[in-house]
Amino acid sequence: MLRVVSFLILIALAAAGAAWVADQTGDVVLTWGNLRAKTTVPVFAFGLGLVAVIAVFAWSILSAIWRTPARMRRRRHEKRHARGRHAITHGLLAIGHGDTALARRHADAARRHAPDDPLALLLHAQSAQLDGNRDEAQRAFRAMAERPDTRLLGLRGLFIEAQRADDAVSAVAIAEEAIKLSPSSTWASQAVLGFRCARSDWSGALAILDSNLSAGLIDKRTWRRQRGVLLTARALELETMDRDVARESVMEAVKLAPTLVPAAALAAKFESEAHQVRRAMKLVEAAWLSHPHPDLADAYAHVKLGDSARQRLQRIETLAAKTPGHVEGQLALARAAIDASEFARARQALAPLINDPTQRVALLMAEIERAEHGDSGRARAWTLRAVRARHDPAWTADGYVSSRWRPVSPVTGRLDAFQWQTPVASLPSDKGTTIEASPFEEAMLAAPPPKHITVSSEALEPVQPAPVPAAQDNLPPEPKPSETKTPSEVKLSEVKVPETKAEANTVDVKAPETPEPATAATEPARPAPEPAESAPIAATPVFRARADLGKPASSPIPAVIPIIRAPDDPGIDDEGTSDEFTEQIGTPKAQAGGWRGFWSRWGR
């Protein structure tokens, strides 16, 4: 609205000025040498305005012609810059969705159209990383590190490449250079802190932690917790070398982080050695209420040196009562009860955990069975169950499971990363119970009554015919085939079925006294007897002879007479051993039957 009013005012002023010029009277005379021009005032004013307009238009044309080359250069530069920006944008998008070829093509276009753009260098480096060209990526990051505006970004890229190449020395040097340029750089401070903790440089790590607090990277609460972690790590390292420094560090750590489990356990140990029992118990109780842990229970049990096992059990009962129903309290109570030979109390503590036991529960039950009853079978069954049971909580950080507490994660270098929790790989799934019952465990954990086995006559082994003796010369002539019966013609009813395995070796087959008439073959077969419940089977012998194999004939063992006797060899009687039975009945040749035996005996 204001602009419209201003425009109308200007038009009114111009009209008023034109009317005033038109009302003026008189002439205007111009003389230039011999030339003389005369005109009225309105015409002169109009001509003067026309000349001004023509002059401005001519000046505009001349200035446009003069500035054309510069404008062409600027236009060409702007077009290249726009193409470079377009290539950078689409190249970063290609890197985002993992198109290596498209990202490399856009990176080449961006480097060609915008070589001085820092984003073009970043695109080139990331496309080289995506393509797996480490050398090209390092060259791009070095070029970025040499520029003031992208120096920190180049150092970050070089640090990542050094980590991928497992070059810890270069990574530390790059991170320290970055933290000098920017103390508020989070990645550089975390990297330097992690490396100093890995080298056990606790003083340097504490200095970096104070620098992070000054730069505003962490708050006061986080600083207290992390400082307590570093002091605890230093105390654990110096526990056996410099106990004074270790004690001072862990006491400060307990003040900063009273719920830190390793700090509370170590501080209670130092206080117990200094005969400050009540103070040590308070430290353990404060940490136990927040995080129940086996180390805290062990420190609480042995807080007073020289106590008996029953006194330790009473103390653990007091500690477990502070967290009723917690698994660690029940396990600590069972452990103390076993040490005190209170096996009933130990079973009572483990009773709620037996249905779905963990490895520690199963091992404690195995120890109870072995110590209380000396039952090795049940102990082995519980040990086997422990192999397949769920894992107990452990110190875990970033998927890494450790048997002891550590201040820094070995995977990511993160401070205070370890937590006391069940590993993810051992959590129960929806496929069913973790522990599957097996016949061995059922037989060991529960003694069932002896089972009665039902057998039928069809399941009995067939009776083997007696071996036929070898024919001799002096035997009577064989009967005719019509007078004998094959074993298959013997009736099944005449075979005495052995009731036990002891009678199976002697089966009596009754030969028929009188031949039955031929009509007996047409009689219907008798039905099989009903299956009867047999008596409990006797213990199976360790070695059992097979009935389907005949007894091999015994072969005589030849006497071996050494040619040369050993010094300690008593020798062999040259006359040989005398056999009284052989002397009475003669040689084997004389014992032969038939005419050969008669002839040999006659000749003697």
Side-chain angles (χ1 to χ4, degrees), residues 202 206 220-221 223-342 345-346 348-350 360 364 393 395 404-405 407 416 418-420:
W202 309 117
L206 291 171
K220 189 72 173 179
R221 182 179 179 182
W223 174 82
R224 291 175 61 88
R225 174 74 180 186
Q226 293 183 356
R227 184 174 177 83
V229 169
L230 293 177
L231 290 173
T232 303
R234 184 169 67 179
L236 290 174
E237 184 179 355
L238 300 178
E239 180 183 0
T240 57
M241 294 182 292
D242 193 346
R243 298 182 65 84
D244 294 335
V245 178
R247 177 184 174 84
E248 181 182 355
S249 300
V250 76
M251 290 305 170
E252 184 181 356
V254 168
K255 293 179 181 178
L256 294 173
T259 60
L260 187 61
V261 172
L266 185 58
K269 180 180 178 181
F270 281 120
E271 293 292 345
S272 175
E273 293 176 355
H275 303 287
Q276 300 292 333
V277 178
R278 192 177 299 276
R279 187 174 179 182
M281 294 175 64
K282 289 182 179 180
L283 292 175
V284 174
E285 290 172 358
W288 177 268
L289 292 175
S290 178
H291 302 290
H293 193 272
D295 293 346
L296 295 176
D298 185 70
Y300 199 81
H302 298 85
V303 71
K304 190 175 182 181
L305 304 179
D307 279 355
S308 63
R310 293 185 180 275
Q311 291 175 337
R312 293 197 297 268
L313 175 59
Q314 295 176 358
R315 193 177 297 115
I316 289 298
E317 289 178 349
T318 303
L319 183 65
K322 297 182 179 298
T323 55
H326 199 277
V327 177
E328 293 297 338
Q330 299 297 107
L331 293 176
L333 190 58
R335 176 73 267 171
I338 293 174
D339 294 340
S341 299
E342 297 286 344
R345 186 71 180 91
Q348 181 183 0
L350 296 177
R360 289 168 58 193
L364 287 175
W395 290 114
R404 59 183 179 86
W405 176 83
D416 192 22
F418 277 92
Q419 302 294 330
W420 181 256

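Side chains of S249 and W202 form no contact here, defined as non-hydrogen atoms less than 4.5 Å apart. The shortest side-chain heavy-atom distance between D244 and E248 does not fall under the 4.5 Å cut-off. Proximity of H302 to R315: side-chain heavy atoms (C-beta onward) are nowhere separated by under 4.5 Å. Within the 4.5 Å cutoff, no side-chain heavy atoms of D295 are placed close to those of W405.
Remark: F418 CZ to R404 CZ distance equals 8.5 Å, nearest 0.5 Å. Interatomic distance, OG1 of T232 versus CD of E252, reported as 10.0 Å (0.5 Å rounding). The distance from atom CD of Q276 to atom CG of L283, rounded to the nearest 0.5 Å, is 10.5 Å. Here E317 contributes atom CD and L313 contributes atom CG; the two are 4.5 Å apart, rounded to the nearest 0.5 Å. The structure places CD1 of I316 at 5.5 Å from CG of L319, a figure rounded to the nearest 0.5 Å.
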May I have the list of side-chain donor-acceptor pairs in residues 255-272 shorter than 3.5 Å, sequence neighbours left out?
residue, atom, partner, partner atom, Å
K269, NZ, E239, OE2, 2.8
S272, OG, V303, O, 2.4

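For the pair A332 and A297, the tightest heavy-atom approach, listed with the atom from each and the gap, is CB-CB, 3.6 Å. The two residues A253 and G228 come nearest to each other via the heavy atoms CB-O, 3.4 Å. A pairwise comparison of heavy atoms in W288 and H293 identifies CZ3-O, 3.2 Å as the closest pair. Across every non-hydrogen atom of W420 and P294, the tightest pair is CZ2-CD, 3.7 Å.
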* **Verdict with reasoning, V250 to L236, per side chain to side chain contact (heavy atoms under 4.5 Å, CB included)** => CA-CA 8 Å; V250 76; L236 290 174; over 6 Å; no

* Working for salt bridge (Lys or Arg N to Asp or Glu O under 4.0 Å), residues E273 and R243 -> CA-CA 12 Å; E273 293 176 355; R243 298 182 65 84; 2.5 Å; yes

* Asked: After noting the C-alpha distance and the side-chain angles of R360 and E328, does the key distance pass the salt bridge (Lys or Arg N to Asp or Glu O under 4.0 Å) rule?
  -> CA-CA 10 Å; R360 289 168 58 193; E328 293 297 338; 3.3 Å; yes

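D298 pairs by the salt bridge (charged side-chain N to carboxylate O under 4.0 Å, His left out) definition with nothing, not counting sequence neighbours. Taking D242 as the reference, nothing meets the salt bridge (charged side-chain N to carboxylate O under 4.0 Å, His left out) condition, with sequence neighbours excluded. For Q314, the side-chain hydrogen bond (donor to acceptor under 3.5 Å, both in side chains) criterion is met by no residue, not counting sequence neighbours. Taking the salt bridge (charged side-chain N to carboxylate O under 4.0 Å, His left out) definition, one finds that R312 meets it with nothing, sequence neighbours left out. With sequence neighbours left out, R310 forms a side-chain hydrogen bond (donor to acceptor under 3.5 Å, both in side chains) with E342.
Under the salt bridge (charged side-chain N to carboxylate O under 4.0 Å, His left out) test applied with D416, the options R224, R227, R225 reduce to a single match, R225.
More than 12 heavy atoms of other residues, nucleotides or ligands sit less than 6.0 Å from atom CD of E237.
Side chain of Q330 to backbone of L350: no donor-acceptor contact under 3.5 angstrom is found.
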